[in-house]
Amino acid sequence: MSLRIETDAGAVSHSIKSDPQHALAAKAEHAASFSVVFPPSTTRRVVSLKLGRRALAQSVFPAPLATGRATHGAMDKGNLISRTRSPSADITIIVPIYDDFEATRRCLECLMQSVHDHDRTMVVLVDDATPDERIAALLDSFATAPNVHLIRNAHNLGFIGAVNRALRATPCGDVILLNADTIVPKGFALRLSEAAHAAADIGTVTPLSNNGEATSLPLAFTANPLPSIEEVARLDAIAARVNAGRVVDMPDGIGFSLYITRQCLDAVGGLSDHYHRGYLEDVDLCLRARQHGFRNVCATSVYVGHAGSASFKAEKRALVVLNLARLRLRFPDYRSESATFKALDPLKSSRGAIERELIAGQPKTIVLSGPGAAADVAEHFAGHAVEPALLALSNKNGTTLALRDPGDDFPQSLDFKLPADQSALTETLAAIGPSRIVLADPANIPAAFVRNLIDGRAAFDLLVTDGGLLCSRGGLDEKGRLCPTLLGAETCNCSGKTIESWLDLLTRESRLLAPDMAAEAFLRRHLPSNLVHRVRLVGRSDNCSPTRPKAVASRGTALGLLPIGHGTGDFGFLRGIVRSVRQGRPDATIVILGETLDDLALMALGGVTVTGRISVDELRDVAALHRLGRLLIARRGPLFGHPIIEAVWSDVAVPLAFFDWSFGNIGAHEADLPLAPASDAAATARELLDWMARQW
């Protein structure tokens, strides 16, 4: 066996002899322990372990942090095979390549179509010792083009080493670093160049992408799915039209497609050797560029598709953690600056401009809601609507309205500050041409605002999510007191004739939508008789509310409480139940499934565990983990169609207590405990204690 260490000063080889006395000698053909000292080096070191001619392992170690400014690396002898020297070009696109044949082929085919008529644009392909013979043959086929040059490394150097070798072979002109898992649109290089030379102090330019950290869309700072080649072209064409000439400053650029001017390259000297392969070396270069007075910008008129993590797969997290620690040592202010950029999100308006174009002329249902639990129901309804739907979410004060896709699709960045952006909102809605407006939160949306939306443009439906149709506070005040109207009284003690003001907006085509059977029963109880026939049950795809599991049994002894809503009244009611149960059963174990306004205050009562936020998909497993014997949906006010309530009702097979706003019109299991909505915390706790004492 032999160990070879390559540094900037050359290579050192060590012969390693087999040790017949080694503990593994009986289990391996060759076994030995060894220790060597790294030769001093200012750049990264490549260590190779071979058995004869067969490579057993290879690692690339970054340079020590104490070496200061990054270098381009050395190690030229014996490691570089170049087809030809690249002639001078205005733009050189460097593509390091190692793995993922299909992504590489797709990238190179798009790239060559994009630059085939650009005489002053060259492409440098770096074969970083790919183990895939198909990729090697693919690169050979592309290298026959006159504007393509191929560099081959004898062993894998990683992204940094591969790029720096190509940079040394590119002594002039601007450079684009391009990942081999990207999809580029036609003319992207020249348009990035235009953005880079829009001002003398711009050093790097990053395009928009589906997977580009800060430049991602529709969801920023998210790895959105890779669009098709045709969709990338469409998004790029829209970006070029609506964001023409616009650049936005960023703390750093993103290396999946990073344009670097020659002046910037000459100042910073290429990628730093201080990082493990693959992550954050692009950030380091951009931060050094800023130290030299250059700006990093996003060209919001260019869009490039990016698959992401094709080369490193499961190694990504470990590499990011290692490199992030090094980056923080070199640039201690970067973390806080990035957090500020993320909070301000200056790219939002550019994403919004693209989104307005994308959704124009596509009639949709718009589901309008305020904040809180009603918004969760509205999102759930919009995501399962028969026809495409958008969420229109208003904040508590009604000063902003956000148009959102209920999933992860476009749009995600359309926000309107009211009344300042009222005309822009009106124009956007007119461009969409919604077929219906569904109001999901009457308690928090002004009637005048809805009237303006539906006037002459769309049908109007009411989705009953809580008591907001009858009461302007949704049924509960800040102290957790119920509105008498919900319990059958003649008038609302909050704001008078709430229901009449909303029913006045109904047209002949309007419907009253019930997301579950409890909502349907609630509506039939409170609506005027001439409107009952308009009630439509619109729950799950089978048009029914979830049913309780056939096998319901206690799985343990703990009492679970599921809080829904974060108002002070909700929290006070929950705390009252916990105190009363603890007084009646000091030995009781109580598990709060979710988060509350003050988790610590509840746990201080003793015998209480708070799980923190849980998703719908986690609910069943969390209930099983904590061995629940009973579960209370601790929502006193009416709430219909909420996704987590549906999940509890259908998926958690333990006896269930709930406040029955259907007034006996839904089918509960015999082990369940329907509670009267008028019950206060003490009365609820007494019923829970009696229920817990029963055997099933």
Side-chain angles (χ1 to χ4, degrees), residues 88-96 107-108 110-124 147 163 166-167 170 172-217 229 232-266 268 270-271 282-283 285-286 289-290 294-306 347 350-351 353-354:
S88 62
D90 294 336
I91 305 171
T92 299
I93 303 172
I94 297 174
V95 189
C107 171
L108 297 185
C110 291
L111 177 59
M112 298 313 299
Q113 291 176 11
S114 176
V115 303
H116 80 279
D117 56 350
H118 300 173
D119 294 337
R120 301 291 294 173
T121 299
M122 306 301 297
V123 176
V124 175
N147 61 336
V163 166
L167 288 176
T170 310
C172 59
D174 298 345
V175 166
I176 299 176
L177 307 184
L178 186 68
N179 281 14
D181 59 351
T182 54
I183 298 175
V184 297
K186 188 173 179 60
F188 88 107
L190 294 184
R191 287 186 287 129
L192 287 178
S193 178
E194 290 175 1
H197 294 281
D201 60 348
I202 294 178
T204 75
V205 184
T206 305
L208 294 175
S209 178
N210 63 293
N211 184 6
E213 301 293 343
T215 69
S216 293
L217 72 158
I229 295 175
V232 167
R234 185 170 81 99
L235 290 170
D236 178 67
I238 293 174
R241 183 167 62 254
V242 301
N243 291 326
R246 186 176 186 191
V247 297
V248 177
D249 284 271
M250 304 195 303
D252 58 272
I254 317 298
F256 72 95
S257 176
L258 185 65
Y259 191 106
I260 313 171
T261 66
R262 174 50 54 180
Q263 292 85 349
C264 180
L265 271 175
D266 289 343
V268 302
L271 298 182
D282 50 350
V283 174
L285 181 143
C286 293
R290 287 177 54 193
F294 292 98
R295 296 160 55 199
N296 303 303
V297 303
C298 174
T300 61
S301 60
V302 184
Y303 179 92
V304 171
H306 178 213
L347 291 170
S350 297
R351 296 196 303 271
I354 294 172

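Any value given below was found using the heavy atoms of this structure, including those in side chains, with hydrogens, waters and symmetry copies removed. Residue numbers run from 1 in the order of the sequence given.
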**Student:** Taking the side chain from N296 and the backbone from G253, do they hold a donor-acceptor pair closer than 3.5 Å?
**Tutor:** no
**Student:** When rounded to the nearest 0.5 angstrom, what distance separates CD1 in I91 from OG in S193?
**Tutor:** 4.0 Å
**Student:** Classify the side-chain pair N147/H116 by whether it contains a donor and acceptor separated by less than 3.5 Å.
**Tutor:** no
**Student:** Please give me the minimum heavy-atom distance between S114 and P185, naming the atom from each residue.
**Tutor:** OG-O, 2.8 Å
**Student:** Is it true that a side-chain atom of T215 and a backbone atom of P207 form a donor plus acceptor pair closer than 3.5 Å?
**Tutor:** yes
**Student:** Side chains of L265 and L167, heavy atoms from C-beta outward: is any pair under 4.5 Å?
**Tutor:**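 Of all side-chain heavy-atom pairs linking L167 with L265, at least one is under 4.5 Å.
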**Student:** Please report the C-alpha distance between I354 and L208 in whole Å, then the side-chain angles of each, then the deciding distance to 0.1 Å, and finally whether the side-chain contact (heavy atoms from CB on, under 4.5 Å) criterion is met.
**Tutor:** CA-CA 11 Å; I354 294 172; L208 294 175; 3.6 Å; yes
**Student:** Give the C-alpha distance, both sets of side-chain angles, the deciding distance and a yes or no for side-chain contact (heavy atoms from CB on, under 4.5 Å) between I238 and D236.
**Tutor:** CA-CA 5 Å; I238 293 174; D236 178 67; over 6 Å; no
**Student:** Find the distance between CZ (R290) and SG (C286) and round it off to the nearest 0.5 Å.
**Tutor:**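 One gets 9.5 Å once the value is rounded to the nearest 0.5 Å.
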**Student:** Can you label the angle between the H306 ring and the F256 ring as parallel, tilted or perpendicular, going by 30° and 60°?
**Tutor:**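 Ring orientation, 0 to 90° scale: parallel.
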**Student:** Which pair of heavy atoms, one from V247 and one from A299, lies closest together, and at what distance?
**Tutor:** CG1-CA, 4.4 Å
**Student:** Which residue in the set N210, I183, V184, T182 passes side-chain contact (heavy atoms from CB on, under 4.5 Å) when paired with V232?
**Tutor:**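 Answer after filtering N210, I183, V184, T182: I183.
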**Student:** Under a 4.5 Å cut-off applied to non-hydrogen side-chain atoms, are V95 and L111 in contact?
**Tutor:** yes
**Student:** Could you walk me through whether T300 and V248 pass the side-chain contact (heavy atoms from CB on, under 4.5 Å) check?
**Tutor:** CA-CA 7 Å; T300 61; V248 177; 4.0 Å; yes
**Student:** Between R295 and D201, is the closest basic N to carboxylate O distance under 4.0 Å?
**Tutor:** yes
**Student:** Could you tell me whether a side-chain N or O of N243 sits under 3.5 Å from a main-chain N or O of S350, the two making a donor and an acceptor?
**Tutor:** yes
**Student:** Mind checking the CD1-OG spacing from I93 to S257? Nearest 0.5 Å is all I need.
**Tutor:** 8.5 Å
**Student:** Measuring from I94:CD1 to T170:OG1, what's the distance to the nearest 0.5 Å?
**Tutor:** 4.5 Å
**Student:** Just so I know, are the side chains of L347 and M250 near enough to count as touching, which here means a heavy-atom distance under 4.5 Å?
**Tutor:** yes
**Student:** Output the distance between atom CD1 (I254) and atom OG (S209), rounded to the nearest 0.5 Å.
**Tutor:**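 One gets 9.5 Å once the value is rounded to the nearest 0.5 Å.
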**Student:** Of all the heavy-atom pairs spanning S216 and R351, show the shortest one and how long it is.
**Tutor:** O-CD, 3.5 Å
**Student:** Just verifying a value: how many Å separate L190 CG and E194 CD, rounded to the nearest 0.5 Å?
**Tutor:**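 One gets 7.0 Å once the value is rounded to the nearest 0.5 Å.
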**Student:** Would L177 and Y259 count as a side-chain contact (heavy atoms from CB on, under 4.5 Å) here? Give the steps.
**Tutor:** CA-CA 7 Å; L177 307 184; Y259 191 106; over 6 Å; no
**Student:** Closest heavy-atom contact between A240 and R191?
**Tutor:**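 Closest heavy-atom pair between A240 and R191: CB-NH1, 3.8 Å.
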**Student:** Looking only at non-hydrogen atoms, find the nearest pair between I202 and A196 and report the distance.
**Tutor:**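 The answer is CB-O, 3.4 Å.
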**Student:** How close do P96 and V163 get, heavy atom to heavy atom, and via which atoms?
**Tutor:** CG-CG2, 3.6 Å
